[in-house]
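To keep things clear, I will list the structure first and then write my remarks on it.
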Amino acid sequence: MSDSSDRLPRHVGIIMDGNGRWAMERGLRREHGHSKGADAVRRVVRASRRIGLDALTLFAFSSQNWDRPPREVFHLMHLLRRYLIEERAEILDNGIRLTTVGDIQRLPRMVLRPLTELMEASAHNREMVLCLALSYGGRETIASAARDVARAVARGDIDPESVDAELFGRFLPTSELLPPLDLLIRTSGERRISNFFLWEVAYAELHFSEALWPDFGEPELWNALNDYANRERRFGLTSAQIKAQLEERELPGRPALSGVVADPLVEPGH
Ligand code: FPP
C-alpha cells in the first residue's frame, strides 16, 4: 500500500539562514558568507530539479532586509544579478520556470532587468518552478491581498459575506504560481518563520536544520525530505480518517522516495 509517508513534497520553501555566522566564525566579513550562500543556492536548485520537486521557493531577501547596512544590501543585489546571469542557461536548459513573490519593483534595475527577462524567457518551462522571494514579507503580502479584496468589495465585484479562506487565498500571489507549500526548511538552528510564508505555512511540515546555509547541500536536503516522508499529514483530521482515506484512494501522486530516479541534469553547452 502506498501512503503519504513515502512521498516527496511537491513544494519546498527554504529560509536560508546563517550566512553571517558562517563568515564570522571564520573571521570573514558577512558578505563572504552571502557569496558562499549563493553557491549553496546553486547546489540546492540543481539537486531539487534532479530529485523531481515541482517547486522550490527560496527566501532570498526579505522586506526587512532593506534595513541592513547598505554595503551588505549592495552585495546581496550584486549576487542576485550574478546568479541570474550565470545560471540563465542552466535554468532554461533544464525546463525550470523562474518566478518571484515580493515587491520586486523595489529592486535596483541591475537586478530587475535580468530577473524579468529570465522570468519571461522561462515562462513556458514545466519541469520545476524556482520561486525567489525577493523584497518579500508574509504580512506585507497578506495586507496587499486584503487591499485587493477591499477594492473588489468596494467595486461590488465580491459580496463581503463570501470572503472565506478559500477566496482570500486566491488573492495571494502563491495561489497562481505555486502548489501548496508542503515542507518548510529553516537552516542555522533557528526556529522561527520570520515573516516568510505566513499564510502558506498553515499545513506545511517544518524542518529545522542545524547547518548554516553555506554548508547546506544535497545530503542536508535529503535529510529534510526523509524527515518529511516520516510525518503523517492530517490536515485537521484524525489519524484513523487519514488511513481510511489512503486505503480508499491513491493520493494524487508523487513518486515514493525510494523510487526517485535522479534525472541527469543538463549542463549549459551540453
Ligand atoms: C540570511 O542569513 C540570509 C540572507 C538574508 C540572504 C540570503 C541570500 C543568499 C543565500 C545569497 C544570494 C541569493 C541568491 C538567490 C543568489 P543572515 O545574513 O541573516 O545570517 P546570520 O543570521 O548568521 O547573520
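Whatever order the structure lists them in is the order used to number ligands and atoms, beginning at 1.
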Among Asp182, Asp54, Thr57, which residue satisfies the side-chain hydrogen bond (donor to acceptor under 3.5 Å, both in side chains) criterion with His11? Thr57
Do me a favour and list the nearest non-hydrogen protein atom to atom 16 (C) of ligand 1 with residue, atom name and distance? Tyr83 CB, 3.6 Å
Quick check against the 3.5 Å criterion: does Arg231 have a side-chain atom that pairs as donor or acceptor with the backbone of Leu206? yes
Is Leu76 touching ligand 1 with its side chain, its backbone, both, or neither, if touching means heavy atoms under 4.0 Å apart? side chain
Give the residue and atom name of whichever protein heavy atom lies nearest to atom 1 (C) of ligand 1, and the separation in Å to one decimal. Met16 O, 3.1 Å
So does Glu90 pair up with Arg42, basic N to acidic O under 4.0 Å? no
Of Glu25, His75, Arg21, Glu72, which has the heavy atom at the shortest distance from atom 23 (O) of ligand 1? Arg21
Does the side chain of Tyr228 come under 3.5 Å of the side chain of Arg233 through a donor N or O and an acceptor N or O? yes
Trp22-ligand 1 polar pair, N/O distance under 3.5 Å: no
Report the nearest protein non-hydrogen atom to atom 9 (C) of ligand 1: residue, atom name, distance rounded to 0.1 Å. Asn19 ND2, 3.7 Å
Specify the protein heavy atom at minimum distance from atom 5 (C) of ligand 1: its residue, its atom name, and the distance to 0.1 Å. Asn65 OD1, 3.5 Å
Can you tell me how far apart CG (Leu79) and CZ (Arg81) are? Round to the nearest 0.5 Å. 12.5 Å
After noting the C-alpha distance and the side-chain angles of Phe197 and Tyr136, does the key distance pass the ring-ring contact (aromatic ring centres under 6.0 Å, His included) rule? CA-CA 9 Å; Phe197 274 163; Tyr136 176 83; 5.7 Å; yes
State plainly whether the residues Glu210 and Arg191 are in salt-bridge range, i.e. N to O under 4.0 Å. yes
Answer with side chain, backbone, both or neither: which part of Lys36 has a heavy atom less than 4.0 angstrom from an atom of ligand 1? neither
Identity and distance of the protein heavy atom lying nearest atom 7 (C) of ligand 1: Ala60 O, 3.5 Å
Without hydrogens or angle criteria, can the side chains of Ser135 and Trp66 be said to hold a donor-acceptor pair below 3.5 Å? yes
Selected option - heavy-atom contact closest to atom 20 (O) of ligand 1, from Gly20, Ala23, Gly33: Gly20
Could Glu220 and Arg43 be called an ion pair, given the rule that one side-chain N must be under 4.0 Å from one carboxylate O? no
For atom 11 (C) of ligand 1, find the nearest protein heavy atom and state the residue, atom name and distance (0.1 Å precision). His34 O, 3.7 Å
Residue-level breakdown please: for Trp213 versus ligand 1, do any non-hydrogen atoms fall below 4.0 Å on the side chain, on the backbone, on both, or on neither? side chain
The protein heavy atom nearest to atom 24 (O) of ligand 1 is Arg30 NH1, 3.0 Å
Shortest protein heavy-atom distance from atom 19 (O) of ligand 1, along with the residue and atom involved: Arg68 NH2, 2.8 Å
